[in-house]
Amino acid sequence: MDIEKEILEIKERNQKVEADKSWELSFARRIAISLFTYVVAEAWFLIIHEPNSWAKAFVPVVGYILSTLSLRTIRNLWMKIYEK
């Protein structure tokens with residue numbers, strides 16, 4: 001294989017990996033997952049005729065958002081321990 005072609009393939013792969021990483025860390029992804037979670041929870045509560053379903057459907061969304069906010073802190077603590 002040609003070296004230049006290999007380098008080009010590696011650069012293209014790196015761009016894809018960086019794009020995937022950006023998506024994984026993006027605010028848009030968190031919002032999309034939160035909205036999807038809310039819709040699914042609301043649909044379930046409506047099916048089972050739960051009163052105040054619109055408010056109760058926020059519980060898993062808040063749990064998800066809190067977990068995403070705390071994961072960075074937990075990861076940093078883990079990294080400090082792991083690096084020792």
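If you read the sequence from its start, that first residue is 1, and numbering goes on from there.
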Original post:
Side chains of E50 and W44: closer than 4.5 Å at any heavy-atom pair?
Top reply: no
Original post:
Roughly how far, to the nearest 0.5 Å, is CZ of R13 from CD of E18?
Top reply: 10.0 Å
**OP:** Under the side chain to side chain donor-acceptor pair (under 3.5 Å) rule, collect the residues that match up with S53, sequence neighbours excluded.
**Re:** E42
**OP:** Calculate, to the nearest 0.5 Å, the distance between atoms CG and CD belonging to D2 and E9 respectively.
**Re:** 10.0 Å
Original post:
In the hydrophobic clustering (ILVMFWY, side-chain contacts below 4.5 Å, transitive), which residues join V59, or is it alone?
Top reply: none
**OP:** Return yes when atom CD of E4 has more than 12 non-hydrogen atoms of other residues, nucleotides or ligands closer than 6.0 Å, and no otherwise.
**Re:** no
**OP:** Taking all non-hydrogen atoms of both residues into account, name the closest pair between R29 and Y64 and its distance.
**Re:** NH1-OH, 4.0 Å
**OP:** Could I get the full list of side chain to side chain donor-acceptor pair (under 3.5 Å) partners for D20, not counting sequence neighbours?
**Re:** K16
Original post:
Between atom CG of N76 and atom CG of L71, what is the distance when rounded to the nearest 0.5 Å?
Top reply: 11.0 Å
Original post:
Hydrophobic cluster mates of L25, side-chain heavy atoms under 4.5 angstrom, ILVMFWY only, any path?
Top reply: none
Original post:
Looking at residues at least two apart in the chain, or sitting in another chain, which of them share a ring pair (Phe, Tyr, Trp, His ring centres under 6.0 Å) with F58?
Top reply: Y38
**OP:** Quick one: list whatever passes side chain to side chain contact (heavy atoms under 4.5 Å, CB included) with I65, sequence neighbours left out.
**Re:** S34, V61, L69
**OP:** Could you check if a side-chain atom of K11 sits within less than 4.5 angstrom of a side-chain atom of Q15, using non-hydrogen atoms only?
**Re:** no
